[in-house]
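Letters go in sequence order (proteins before strands), and every chain restarts at 1.
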Amino acid sequence: MSRRLSEFSDRVYWLVCQIPTGLVATYGQIATYAGSPRAARAVGNLMKRSLEIDREVPWHRVINAKGAISFKGDTARAELQRRLLEAEGISFDDSGRCDLETHRWQPREVFWYD
DNA sequence: TTAGTGACTGCAT
DNA sequence: CATGCAGCCACTA
């Protein structure tokens, strides 16, 4: 595992920790801020893994580009994520999507990579 | 080193 | 709108 790769995951976890309560970010957003605009899928993998390793990361605040919760088979986990978000004031419509225009996290700081 | 995987995404249908 | 699908890429075995 190269240094560059581990830096990516570290950035991802750090960024997710920056998302304040009540706001959400998409996998694509995190990937972009972490330096790899097209690694949204990889971000999803990291979020899934953050559950296994005991790391204090607000993984529930990361959703897909449609404003919906992504899951593959793990219904319980998806429901938990939805409850956590609703507890933070985020509501979902009938199709299970929230309003990204309203709740999307906009980082004020500037991130850079080398 | 290589091949397989998936909590993604945007565009086509 | 909802589905399907190819492209993408960090991570793993």
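Remark: P of dC11(C) and CZ of R11(A) are 11 Å apart, rounded to the nearest angstrom. Here dA7(B) presents its P atom at 12 Å from CG of L46(A), a figure rounded to the nearest Å. Following rounding to the nearest Å, M47(A) (CE) and dA10(C) (C1') show an atom-to-atom distance of 12 Å. The distance from atom CZ of R38(A) to atom C1' of dG6(B) is 19 Å, rounded to the nearest whole Å. Summarising the geometry, the separation between OH on Y13(A) and C1' on dA10(C) is reported as 11 Å, rounded to the nearest angstrom. A straight line from CD of Q81(A) to C1' of dA7(B) spans 7 Å, rounded to a whole angstrom.
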Full working for side-chain contact (heavy atoms from CB on, under 4.5 Å) between Y33(A) and R11(A) = CA-CA 8 Å; Y33(A) 301 147; R11(A) 282 169 177 162; over 6 Å; no
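Residue R49(A) has a polar side-chain atom (N or O) positioned under 4.0 Å from OP1 or OP2 of dT12(C). For S36(A) and dC8(C), the shortest distance from a side-chain N or O to OP1 or OP2 is not below 4.0 Å.
In this structure, the side chains of C98(A) and I63(A) come closer than 4.5 Å at one or more pairs of heavy atoms. Contact annotation: the side chain of F8(A) approaches that of V43(A) to within less than 4.5 Å [non-hydrogen atoms, C-beta and beyond]. Counting only heavy atoms from C-beta outward, the side chains of C17(A) and P58(A) approach each other to under 4.5 Å. Residues R77(A) and L51(A) have side chains in contact (heavy-atom distance under 4.5 Å, counting atoms from C-beta outward).
Stem analysis of DNA chain C (at least three stacked-register Watson-Crick or G-U pairs, each with both distances under 3.5 Å) gives B:2-6 with C:9-13, B:8-13 with C:2-7.
Using modelled atom types, no side-chain atom of Q81(A) and backbone atom of F71(A) make a donor-acceptor pair closer than 3.5 Å. Side chain of Y13(A) to backbone of L46(A): a donor-acceptor contact under 3.5 angstrom is found.
Considering only the side chain of R97(A), dA2(C) comes nearest among dA7(B), dA2(C), dC11(C).
Scored by the side-chain hydrogen bond (donor to acceptor under 3.5 Å, both in side chains) test, T26(A) finds no partners at all (sequence neighbours excluded).
Under the 4.5 Å side-chain heavy-atom criterion for Ile, Leu, Val, Met, Phe, Trp and Tyr, W59(A) and I69(A) are members of distinct hydrophobic clusters.
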remark   = Counting primed atoms, P, OP1 and OP2 as sugar-phosphate and everything else as base, the B/S/- map of nucleotides 8-13 of chain B against protein heavy atoms under 4.0 Å is BSS---
